[in-house]
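Notes follow the structure.
Whatever order the structure lists them in is the order used to number ligands and atoms, beginning at 1.
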Amino acid sequence: MLDIKDDFPLLANYNEQGTLIYVDNAATTQKPRCVLDALMEWHTVRNANPHRGSYKLGSLATDLYEHSRESIANHINAKKDEVVFCRNTTEALNLVAASFGPTVLEAGDEIVLPVSEHHSNLVPWMQLAQAKGCRLVYLLTDKLGRISKDELDKKITPRTKIVALAEVSNVLGTRFPVKQIAERAHEAGAYVVADCAQSFLHYGLDVQDLDVDFAAFSAHKAFGPDGIGVLWGREALLEKMPPVLYGGEMVQKVTWGKATFEKPPLRFEAGTQNASDAFAFMAAVGYLEQIGQQAIREHEDALTARLLEGIRDIAPLHVYGNPCMADDRSSIVAFNFEGQDPLLIGRFLDSHGINIRVGTHCAEPLMTYLGTGATCRISLAPYNTLDDIDALIDVLRDAPRMIVRSVLKKRK
Ligand code: PLP
């Protein structure tokens, strides 16, 4: 099992003062010391505006920014110029929808997406569909959070122009077979956009192997800083896409009446780039490579199996998605206690130093589909330990009884 908690100052600091079991990693992860050091290094000895300064410090900033891009491209098996830096997954997906979408969609076309999509990979397509007179077609999941072959055959048709899906659902925890779905979509003549926000840290990303057309992810969900993410796109597609933001350093030439634009990726990076975070993201990727994807997978699978096993006999607890460990089961576990307000469960856990997420998880259509207003959600990361899981199970076991007791006490 991995033992890396001490690399994360926030976790180490909190654990000195009491207990912190941070299991809201699908929202954001904590940062290892090497990422914090990289941020400090940038601002203390590296800082200049990349792609602008002709002095030494400026040229070095440009080199480091581009070197960060190259490291991330290598990490995902992509070409350097296919990596567009964005603010996060949300901005990356909006960029594909706003720039690429209108170039391929016509009235009557269909955009296919799972009912479990995060709003970031749903609302941009919804807006585009409305603007172009297209239709959204939802892939429905079964009780185990999977999408059947029949469902894919029924919904992906010659009318499908875009299939947009998360590799891992941020609620159901299912890892969808993106590669197979992409193959099916490509046969139908559609393009595929993968939201890798919840898979990048946990499963890695090889864009050649996944064989999609676009992929998006955020650094902050993978030990990197917030404020930076990536849109990866096939070179030939990026080259055809118009910019959506205009300004400094994305232009080739500007006259009094006309502007021509840089090639990708700079065409999509108008204004001062987020070089410090790109530099720190490179440090995060280096750290991940040092740990190794296989080790991350094995560690998280062991934690998830222990968690699912431990909560299986807590009678009023219902898990959404697959309640058992499986190859397509990630370390995100959403649940509710029958008849209990999830907010009270979240507060109760917090009073024991356990941080989970409670709410709709930016997946409101899925909440409607599941017939619930909100859920609790545990999401693990490689720094979580078996001790964290055991403590979490113990507190969950007590939660309903203790909450009822405290409500009754307040009523007296
Ligand atoms: N897609 C999925 C599946 C997510 O879980 C999230 C965030 O939780 C996002 C997209 C949006 O990520 P960000 O807020 O970093 O843009």
| Within the distance-only criterion (no hydrogens, no angle test), does the side chain of Asp341 pair as donor or acceptor with the backbone N or O of Leu343 below 3.5 angstrom? |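 Side chain of Asp341 to backbone of Leu343, a donor-acceptor pair under 3.5 Å: yes, one is there.
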| query | Heavy atom under 4.0 Å from ligand 1: found in Arg87's side chain, backbone, both, or neither? | reply | neither
| query | Of the backbone atoms (N, CA, C, O) and the side-chain heavy atoms from C-beta on, which set of Ala26 has a member under 4.0 Å from an atom of ligand 1: side chain, backbone, both, or neither? | reply | backbone
Identify the closest protein heavy atom to [atom]: which residue and atom is it, and at what distance?
{"atom": "atom 12 (O) of ligand 1", "answer": "Lys221 CE, 3.5 Å"}
{"atom": "atom 14 (O) of ligand 1", "answer": "Thr90 OG1, 3.8 Å"}
{"atom": "atom 5 (O) of ligand 1", "answer": "Gln198 NE2, 2.6 Å"}
{"atom": "atom 2 (C) of ligand 1", "answer": "Asp195 OD2, 3.4 Å"}
{"atom": "atom 4 (C) of ligand 1", "answer": "His118 CD2, 3.2 Å"}

| Test of ring centre spacing under 6.0 Å for Tyr320 and Phe335 |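 Not close enough - the centres of the two rings lie 6.0 Å or further apart.
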| field | Distance-minimising heavy-atom pair for Glu262 and Glu249 | value |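 So the minimum-distance heavy-atom pair works out to CG-O, 3.9 Å.
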| message | Please compare Ala27, Ser116, Cys362, Ser218 and report which has the shortest non-hydrogen distance to atom 15 (O) of ligand 1. | response |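 Looking at heavy atoms only, the winner is Ser218.
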| said: Applying the side chain to side chain contact (heavy atoms under 4.5 Å, CB included) criterion to Leu303, which one of Leu392, Leu386, Leu2, Asp388 satisfies it? | reply: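 Single side chain to side chain contact (heavy atoms under 4.5 Å, CB included) partner of Leu303 among Leu392, Leu386, Leu2, Asp388: Leu386.
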